Number of protein chains: 2
Amino acid sequence: MTTIDKALDALFLLSERAQALRLAEVARELGMPRSSAHRILAPLLRRGLAEQDSDGRYRAGFALMALGLNVASREPLATAAKPVLESAAADLGETFFLVVARAGKLVVLEKAEGSGFLRAAPRLGADVPVHATAVGKLYLAFAPDEVEINDLPRYTPGTLRSRKALLAEVERVRAQGWATNIEEWQAGLAVSAAPILSHGRMHGAVALATVAARFTAIGMTTATRRVVHAAEGIALRIEGRSP
Amino acid sequence: MTTIDKALDALFLLSERAQALRLAEVARELGMPRSSAHRILAPLLRRGLAEQDSDGRYRAGFALMALGLNVASREPLATAAKPVLESAAADLGETFFLVVARAGKLVVLEKAEGSGFLRAAPRLGADVPVHATAVGKLYLAFAPDEVEINDLPRYTPGTLRSRKALLAEVERVRAQGWATNIEEWQAGLAVSAAPILSHGRMHGAVALATVAARFTAIGMTTATRRVVHAAEGIALRIEGRSP
DNA sequence: AATCTTCGTTCCGAATAATGGAACATTTAT
DNA sequence: ATAAATGTTCCATTATTCGGAACGAAGATT
C-alpha cells in the first residue's frame with residue numbers, strides 16, 4: 001500500500017461519513033497514529049479536498065464537488081440524455097435515469113426525478129448491482145463483456161439467485177428488447193429499462209423507476225413504450241440525427 | 001511537496017482536461033519521468049478516481065462523481081434550498097442559485113435553471129469572484145470575515161475597481177438588504193441577490209441570474225422581491241418553521 | 001479544585017517507500 | 001524501412017514517510 005493509497009483512504013472516509021471527524025477518529029479508522037493521520041490530511045486540506053470546521057474536525061471539502069461535476073459534465077452521453085430524461089419525467093411524473101457500465105460496474109450517470117411525494121431518487125455516481133436490476137439484465141443481454149458479475153446476493157425474496165434463472169431471464173430480455181425489475185432489488189421498487197443502441201453497440205440504458213404499486217397502474221405496455229422511446233431518442237441524438 | 005501532492009496534481013490535471021491524456025502527456029505536464037507518473041497513477045486507477053480508455057489514455061474516473069455528490073448532498077442548506085429554488089425558477093422561468101462562502105471563497109452550492117434558450121447555467125462547485133458579484137457584495141455587507149478579497153481584477157467595463165467605490169456600494173447594499181450585479185462580472189449577465197439570514201448570521205445567498213436585457217424587462221422591483229422572498233423562505237426552512 | 005484523560009500538534013532518528021535512469025517491446029510518425 | 005516516441009518493468013540510490021515521544025491545551029472525572 002502506497003502513501004497515496006493512505007491519502008485516498010482518508011478521502012473516501014471523509015466522504016462517506018455524514019458528520020465531521022476528529023483527527024483521532026480518522027487515525028483510529030485508518031489504523032495509524034495521530035501524527036501520521038495529521039501529516040496525510042495536510043495536503044488534502046491545502047487542496048480543498050478536505051476542510052476543517054471551527055472545532056478542527058475534518059470533513060470532505062468543496063473542491064471534491066467541482067472535481068466530480070467536471071467528470072459528469074464531460075460525458076457527452078449525459079448531456080445528450082438530460083433533456084430526453086427531463087421531458088419523459090415531466091410527462092409521466094416518474095423518475096427516469098441513465099445508467100452506463102464503467103470499469104465493470106453499472107453507474108447512474110444522469111437523472112430526472114418524478115414529482116410524486118414518494119419517488120425514486122437514485123444518487124448520481126452510485127453503482128447498482130448487475131443481477132438484480134433491469135439495466136443489469138440489459139447489459140447481460142446486449143453487452144455482457146462490459147459488466148462483471150461475481151456472486152448473486154439476495155436482496156429481496158424476488159431476487160434471482162441462480163445463474164440458470166438469470167440466464168433464462170436474460171434470454172427473454174434479449175428477445176423482447178427491454179427489461180423489468182419488479183422488487184428484485186429493493187422492496188417496493190419497480191423499474192422498466194431499455195438499451196441505448198447505436199452503431200451496433202450498447203451505450204447505456206434508460207430506466208423508469210417507480211413504486212411497485214404505481215407501476216401496475218401505469219401498465220407494462222405504457223412503461224415499456226416510454227423507456228424504449230426515450231432510449232431511441234437518445235440514440236438518435238448521439239448519432240446527430242435529431243434536433 | 002509530498003507524494004500525495006503529486007497524486008493530487010495528477011487528479012486535478014485529469015479533471016481539468018476535457019479529453020483523455022496519454023501517460024507521457026501527464027508526465028510532461030507534471031514535470032516528472034514517465035515511470036513516476038505511471039506509478040502515481042496506479043493507486044488512482046485502483047480506486048476509480050482515474051480511468052483508462054481503450055487506448056490506455058487517462059481520464060478522471062467516475063468515483064470522483066460519487067465523492068463530489070456526497071459533499072453536496074450532506075449540505076443541509078442545499079437540501080433546504082432546492083425546492084425553493086426550483087419553484088422560483090419554474091415561476092419566473094429564470095435561473096436561481098444558492099451561493100455560500102467556504103474557506104474564504106464563494107461557491108455555487110445548488111441551482112435551478114430557467115427555461116430560456118439563453119439562460120444562466122452556473123456550475124455547481126465553481127467559485128465566483130467577491131468584488132464583482134451581487135452575492136459577493138452581500139457577504140461584504142453582512143459577513144465580511146467569511147470572504148477573502150485580495151485584488152480587484154477588471155472583468156468588464158462595469159467592474160468596480162477601486163476599494164472606495166466598492167465600499168460605498170457595500171454600504172448601500174447593507175442598507176437596502178439586497179444587491180445587484182449588472183454586467184460587472186460578465187457581459188450580458190445581470191444578477192439580483194438576497195442574503196439568507198438566520199440566528200443573527202448569514203448562511204448564504206440566493207441569486208437570480210438572467211440576461212441583462214431580460215432583467216430590465218422583469219424590473220428591479222420584481223427581481224428583488226423574488227430573491228428576497230426565496231431567501232426568507234430558505235431561512236424559515238432551516239429554522240424548521242416552514243413545511 | 002485538583003487530577004486524569006484525551007486531544008492536536010511538532011520533532012526527529014530509523015525504516016521504508018519514492019525516485020528516475022536504463023532497458024525493452026510496442027506503437028506511431030517520417 | 002527507419003526513426004522517434006510510447007508504455008511498462010526493474011533496481012540501486014535517495015529522499016520521505018513513519019511513528020514514538022513530548023508538549024500544552026481542553027475536557028472529563030474524582
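Letters A, B, ... mirror the listed sequences (proteins, then strands); counts begin at 1. The structure presented is a predicted model; accordingly, all values stated were derived computationally and were not measured.
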(message) Between Glu25(B) (side chain only) and Arg22(B) (backbone N and O only), is there a donor and an acceptor less than 3.5 Å apart?
(response) yes
(request) Walk along DNA chain C from 5' to 3' and tell me the first and last nucleotide with an atom closer than 4.0 Å to a non-hydrogen atom of chain A. (result) dC7(C) to dA18(C)
(message) Within the 4.5 Å heavy-atom criterion, are Leu106(B) and Asp127(B) side-chain neighbours or not?
(response) no
(request) Determine, using ring centers only, whether His131(B) and Tyr155(B) are less than 6.0 Å apart. (result) yes
(message) With each end axis built from five pairs of C1' atoms, what bend angle do you get for the helix from dA1(C)-dT30(D) to dT30(C)-dA1(D)? Round to 10°.
(response) 50°
(request) Would you kindly say whether Asn181(B) and Thr133(B) are connected by a side-chain donor-acceptor distance under 3.5 Å? (result) no
(request) Answer yes if the side chains of Glu184(B) and Thr159(B) hold a donor-acceptor pair under 3.5 Å, and no otherwise. (result) no
(message) Heavy-atom nearest nucleotide on DNA chain D for Tyr58(B) versus Thr2(A): which residue maps closer to 5'?
(response) Tyr58(B)
(request) Return yes when atom CZ of Arg47(A) has more than 12 non-hydrogen atoms of other residues, nucleotides or ligands closer than 6.0 Å, and no otherwise. (result) yes
(message) Using a strict threshold of under 4.0 Å (side-chain N to carboxylate O), is an ion pair present between Glu146(A) and Arg201(A)?
(response) yes
(message) Taking any atom closer than 4.0 angstrom to a non-hydrogen atom of chain B, what span of DNA chain D does the protein reach, first nucleotide to last?
(response) dT6(D) to dT17(D)
(request) List in numerical order all residues of residues 37-51 of chain A for which some heavy atom is under 4.0 Å away from an atom belonging to DNA chain C. (result) His38(A)
(request) Would you check if Tyr139(A) and Met202(A) make a side-chain contact, meaning some heavy-atom pair closer than 4.5 Å? (result) yes
(request) May I ask you to check whether over 12 heavy atoms, not counting those of Arg161(B), lie within 6.0 Å of atom CZ? (result) no
(request) Go through Glu169(B) and Lys137(B) one step at a time and tell me if the salt bridge (charged side-chain N to carboxylate O under 4.0 Å, His left out) criterion holds. (result) CA-CA 8 Å; Glu169(B) 170 80 352; Lys137(B) 294 172 191 172; 3.0 Å; yes
(message) Using 0.5 Å steps for rounding, measure from the CG atom of Leu64(A) to the CZ atom of Arg59(A).
(response) 12.0 Å
(request) Ignoring hydrogens and angles, tell me if any N or O in the side chain of Ser15(B) forms a donor-acceptor pair with the backbone of Ala60(B) under 3.5 Å. (result) no
(request) Give a yes or no on whether a salt bridge exists between Glu113(B) and Lys111(B), defined as a side-chain N under 4.0 angstrom from a carboxylate O. (result) yes
(message) Give the residues of residues 18-33 of chain B touching DNA chain C, defined as any heavy atom closer than 4.0 Å, sorted by residue number.
(response) Pro33(B)
(request) Check for a donor-acceptor pair, side chain of Asp53(B) on one end and backbone N or O of Asp55(B) on the other, with a separation under 3.5 Å. (result) yes
(request) Specify the residues of residues 3-15 of chain A, ordered by number, for which at least one heavy atom lies under 4.0 angstrom from an atom of DNA chain D. (result) Thr3(A), Lys6(A)
(request) State the CG-CG distance between Leu160(B) and Leu166(B), to the nearest 0.5 angstrom. (result) 6.0 Å
(request) May I have the step-by-step check of side-chain contact (heavy atoms from CB on, under 4.5 Å) for Leu98(A) and Ile196(A), ending in yes or no? (result) CA-CA 10 Å; Leu98(A) 168 70; Ile196(A) 300 169; 3.5 Å; yes
(message) With a 3.5 Å distance limit and no angle check, can you tell me whether Arg174(A) reaches the backbone of Ala141(A) through a side-chain donor-acceptor pair?
(response) yes
